[in-house]
Number of protein chains: 2
Amino acid sequence: MTNQKKLVLDFLRRDTSHPTAEAVWENVKKQLPQISRATVYRILDNFQKEGVIRVLETKPTRFDGQIEPHQHFICNNCGKIFDLKEEKVCRCLRDGSNMVSVGKVHSFNVNFYGLCQNCQTESDDNLNNKL
Amino acid sequence: MTNQKKLVLDFLRRDTSHPTAEAVWENVKKQLPQISRATVYRILDNFQKEGVIRVLETKPTRFDGQIEPHQHFICNNCGKIFDLKEEKVCRCLRDGSNMVSVGKVHSFNVNFYGLCQNCQTESDDNLNNKL
DNA sequence: TATTAAATAGGAATTATTATTATTTAGAAG
DNA sequence: CTTCTAAATAATAATAATTCCTATTTAATA
Ligand SMILES: [Mn+2]
Ligand SMILES: [Mn+2]
Ligand SMILES: [Zn+2]
Ligand SMILES: [Zn+2]
């Protein structure tokens, strides 16, 4: 854990604004002026792969130091990003109620990630061949 | 409805691969070689605003000519994007079953869009002041 | 202390997207 | 069928976001 990594992680755990990579860089620079953009991008990427931070599917990409399961409400007007507890998400999707604590939901978008059947079969085959 | 628009829309309605803007351009060029990238980007943006096509929250952005409500399964291995019927989505989120017809879901990400309470109040105020 | 591998800084390069502007085109009016 | 006008387009410049490259620094280890 280098100083650079520590500063990035500390910042993301304190900050609740779901900052962009650029914003993370700007903020960490206050404490380590010579830190490079590329370093911040690399560290964010590594943390994401380790599951230490979360990545939001926004443009530009935003980052979240809070990794307990929750989803996000993005205001169409002001652009602010609010946290939604998992429970509210399920209710909203289940019974069409579109009111949540932070506002009124107009639309939502879900991306599921996993292994498609082809790729599952392939990885099973590889495993069997090794045995 | 210009020829350019027609070709873009026809392509998106035929194609089920959820192509990028670049891929739309490459394909439409086959029939209209002088079409400009900027035109494709503008047309995609307009169609999106009119609700004629859907935009996927991917990097890079992808487009979908199918606008009946459905969600997407993105394979972590091969990157292919599969359509998921709404019903399966709800079941998956509701009772933790992570098997869907196209594969096994490892994770998912939901973005909700709407008006936050602040912005709702503001727009109510504006309405009242006009009366 | 010397060796080595990993991480970083700084900047170039690339990718994706948006902005600009001169030209073209699709209709409407005559 | 012409002329006019506004909208749409092509070509390209500019910008934004991200990734790549490489010389240098740092940390860990023998
Ligand atoms: Mn969050
Ligand atoms: Mn689809
Ligand atoms: Zn708002
Ligand atoms: Zn796959």
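When the shell of 6.0 Å around NZ of B:Lys29 is examined, it contains more than 12 heavy atoms from other residues, nucleotides or ligands.
Note: CD1 (A:Ile43) to P (C:dA6) measures 17 Å, nearest angstrom. When rounded to the nearest whole Å, the span between CG of B:Leu32 and C1' of D:dA10 equals 11 Å. Residue B:Leu7 contributes atom CG, which lies 10 Å from atom P of D:dA10 at whole-angstrom precision. Whole-Å rounding puts the A:Trp25 CH2 to D:dT19 C1' distance at 15 Å. Put simply, NZ on B:Lys6 is 17 Å from P on D:dA8, counting in whole angstrom units. As rounded to whole Å, 13 Å separates atom P of D:dA11 from atom CZ of B:Arg42. As rounded to whole Å, 18 Å separates atom P of D:dA8 from atom CD of B:Gln34. B:Lys29 places its NZ atom 17 Å from the P atom of D:dT9, with the value rounded to the nearest Å.
Using a 4.0 Å cut-off, some side-chain N or O of A:Gln4 falls inside it from OP1 or OP2 of C:dA9. Residue B:Thr39 has a polar side-chain atom (N or O) positioned under 4.0 Å from OP1 or OP2 of D:dA10.
One hydrophobic cluster, built from ILVMFWY side chains closer than 4.5 Å, holds both A:Leu12 and A:Val55.
A distance-only check finds a donor-acceptor pair linking the side chain of B:Arg54 to the backbone of B:His70 [under 3.5 Å].
The pair A:Arg14-A:Asp10 fails the salt-bridge criterion, with no side-chain N (NZ, NE, NH1 or NH2) lying under 4.0 Å from an Asp/Glu carboxylate O. A salt bridge links B:Arg37 with B:Glu22: at least one charged nitrogen is closer than 4.0 Å to a carboxylate oxygen.
Contact of the B:Val24 side chain with the B:Val8 side chain is registered, since non-hydrogen atoms from C-beta on lie closer than 4.5 Å.
Applying the side-chain hydrogen bond (donor to acceptor under 3.5 Å, both in side chains) test between A:His18 and each of A:Lys80, A:His72, A:Gln66 identifies A:His72 as the sole match.
When heavy atoms are screened at a 4.0 angstrom cut-off, A:Thr2 is found touching the sugar-phosphate backbone but no base atom.
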Q | Heavy-atom protein contacts under 4.0 Å, nucleotides 14-20 of chain C, coded B base, S sugar-phosphate only, - none | A | --SBBB-

